[in-house]
Amino acid sequence: MRILYAKDVTLDQILNRDIREERDVGALVDAILANVKENGDKALFQYAKELDHAELTALEVSPAELEAGWNGVDEDFRKTLSMARDNIAAFHKNQCPKDFVMAGKSGIVLGQRYTPVDRAGVYVPGGTASYPSTVLMDVVPAKLAGVPEIIMVTPPRPDGSIQPEILAAAKVAGVDRIFKLGGAGAVAALAYGTGTVPKVDKIVGPGNIFVATAKRKVFGLVDIDMIAGPSEILVVADGGCNPAWVAADLLSQAEHDKLASAVLVTDSEVLAKATAEEVERQLQALPREEIARASIENNGKIIITETIAQAVEISNAIAPEHLELAVEDPFALLPSVRHAGSVFLGRSVPEALGDYFAGPNHTLPTSGTARFSSPLGVDDFVKRSSFLYYSGDALAGVADRVEDFARREGLAAHARSVAIRQEGRS
């Protein structure tokens, strides 16, 4: 890994994400969206054949296929899925919003209430890896929000099947319907609806550049969670860390994608050099070495700072998706963290713990968007509506002020709608 000294590089160089820019696929995605919108299921069968190399006879996963998937995983993994689901639910229950009512003034009632979207669509990636964890992370908050129907889409394998682990996770999480769809075509089906696939109100879940671009383009017609970029990890570590542990954590994200980013920021030159050596040693034993090596060589870096406080400030500037505070007293540093998707405290908390089991969501803001956005949660699946009631007397008490306000904005009909209710009042 490249070793840099903070004193020798500018913030712009540290923040440079140009190396991870991907080619523009906008025109291709536009064509897919238009095709699905016009031709519906016919286009979806076409893309399954062309892009997923699957000859499908049906788009929807049948009850028999779901049961076969459930039976295709061992009992121990089913238990793991159930335990992870329960942990995720326990954490996310604390996010459930509460309605409120204000009725302190005579004749006036104000308030706010939350209602779920009618139907949510969950995209679960396929491709080079299987992600049953994404099923749990995206579906459990929707269930807690009270979404009546959850539609899941995931790419089929060439034989037309779905990975058993994904189907088992869908069963545990409580997905209502599952479709064998991937890429921009899946997003189009969820956004527009087809003869078979129902139109949803919100689309969540990570995906490749085609999925991300399609989500961006259908936003407005439907809501989306975020535009997810390549995965990121940043480790802030002091000299007391085990370099083998740090290297393992960096590689846990590097193996996701050639465009993934793994960064270590430390005040220890000894740890920096030892970690770089460990990364190379561990790379050679990884089944996904080619992917992880490309990530490390192109996007990985180690930054040496003067102090741990400086390391945290660099982390805030990067605003990483995953932040590990691998230091002696991580709770002392936590108040200084302003921008991060999820924070892992201490040396015994690998990022993988949050990916699968602990409870906080792993669908996180990437590419610096943690500066202004948040992890997926219950609030992503609800809307809030305000309500207000004024009695006739309460309206009369403020009518002159409301009429004056409306006239100052040049909106006579607004003013008249108030004034007409005052006619004939004593």
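These numbers come from a predicted model, not from an experiment.
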Considering all heavy atoms, the nearest Phe100-Phe387 contact: O-CZ, 4.1 Å
Polar contact flag, side-chain donor to acceptor under 3.5 angstrom, Thr196-Asp41: yes
Full working for side chain to side chain contact (heavy atoms under 4.5 Å, CB included) between Ile304 and Asp267: CA-CA 5 Å; Ile304 301 175; Asp267 63 346; over 6 Å; no
Rounded distance [0.5 Å steps], OG in Ser133 versus NE2 in His362: 4.0 Å
Val235 side chain reached by Val263 side chain, heavy atoms, under 4.5 Å: no
Salt bridge flag under 4.0 Å for residues Asp99 and Arg113: no
Steps toward salt bridge (Lys or Arg N to Asp or Glu O under 4.0 Å) verdict (Glu165, Arg78): CA-CA 9 Å; Glu165 291 80 5; Arg78 293 180 203 164; over 6 Å; no
Side chain to side chain contact (heavy atoms under 4.5 Å, CB included) between Val109 and Leu388, intermediate numbers included: CA-CA 6 Å; Val109 179; Leu388 59 158; over 6 Å; no
Presence of salt bridge, Arg416 and Glu423, under 4.0 angstrom: yes
Gln112 atom CD: more than 12 heavy-atom contacts under 6.0 Å: yes
Trace of the side chain to side chain contact (heavy atoms under 4.5 Å, CB included) decision for Lys37 with Leu33: CA-CA 6 Å; Lys37 185 176 183 180; Leu33 294 177; over 6 Å; no
Note, Ile296 side chain near Leu251 side chain (heavy atom, < 4.5 Å): yes
Which donor-acceptor pairs under 3.5 Å do side chains of residues 166-188 form with protein atoms, sequence neighbours excluded?
unit_1 : atom_1 : unit_2 : atom_2 : d
Asp176 : OD2    : Ile150 : N      : 2.7
Arg177 : NE     : Glu60  : OE2    : 2.9
Arg177 : NH2    : Glu60  : OE1    : 2.9
Lys180 : NZ     : Glu65  : OE2    : 2.6
Lys180 : NZ     : Gly160 : O      : 2.9

Heavy-atom closest contact (Leu325 atom, Pro330 atom, distance): O-CB, 3.7 Å
Partners meeting salt bridge (Lys or Arg N to Asp or Glu O under 4.0 Å) with Asp30 (sequence neighbours left out): Lys217
Modelled atom types, side-chain donor and acceptor of Asp257 and Ser295, under 3.5 Å: no
Side-chain donor-acceptor contact under 3.5 Å, Asn299 with Glu232: no
Residues which pass side chain to side chain donor-acceptor pair (under 3.5 Å) with Gln95, listed by chain and number, not counting sequence neighbours: none
Derivation and outcome, side chain to side chain contact (heavy atoms under 4.5 Å, CB included), residues Glu321 and Ile233: CA-CA 6 Å; Glu321 177 187 16; Ile233 186 171; over 6 Å; no
Parallel, tilted or perpendicular: rings of His256 and Tyr131 (30°, 60°): parallel
SB check Asp393 Arg425 (cutoff 4.0 Å): yes
Taking every non-hydrogen atom, the tightest pair across Pro116 and Ala145: CB-O, 3.4 Å
Residue pair Asp138 / Tyr123, side-chain donor-acceptor N/O under 3.5 Å: no
Under 3.5 Å donor-acceptor, Thr363 side chain and Gly205 backbone: no
Crowding at CZ, Arg157 (>12 non-hydrogen neighbours, <6.0 Å): yes
Partner set under side chain to side chain donor-acceptor pair (under 3.5 Å) for Asp238, not counting sequence neighbours: Arg347
Listed partners of Gln253 passing side chain to side chain donor-acceptor pair (under 3.5 Å), at least two apart: Ser231, Glu351
Salt bridge present between Asp225 and Lys215 (N-O < 4.0 angstrom): yes
Donor-acceptor contacts, no H, no angles, side chain residues 397-406, under 3.5 Å, sequence neighbours left out:
unit_1 : atom_1 : unit_2 : atom_2 : d
Glu403 : OE1    : Arg407 : NH2    : 3.3
Asp404 : OD1    : Arg408 : NE     : 3.3
Asp404 : OD2    : Arg408 : NE     : 2.8

Shortest non-hydrogen separation from Arg371 to Ala319 and the atoms involved: CG-CB, 3.7 Å
More than 12 heavy atoms from other groups under 6.0 Å of CZ on Phe77: yes
Neighbour count >12 (heavy atoms, 6.0 Å) for atom NZ, Lys383: yes
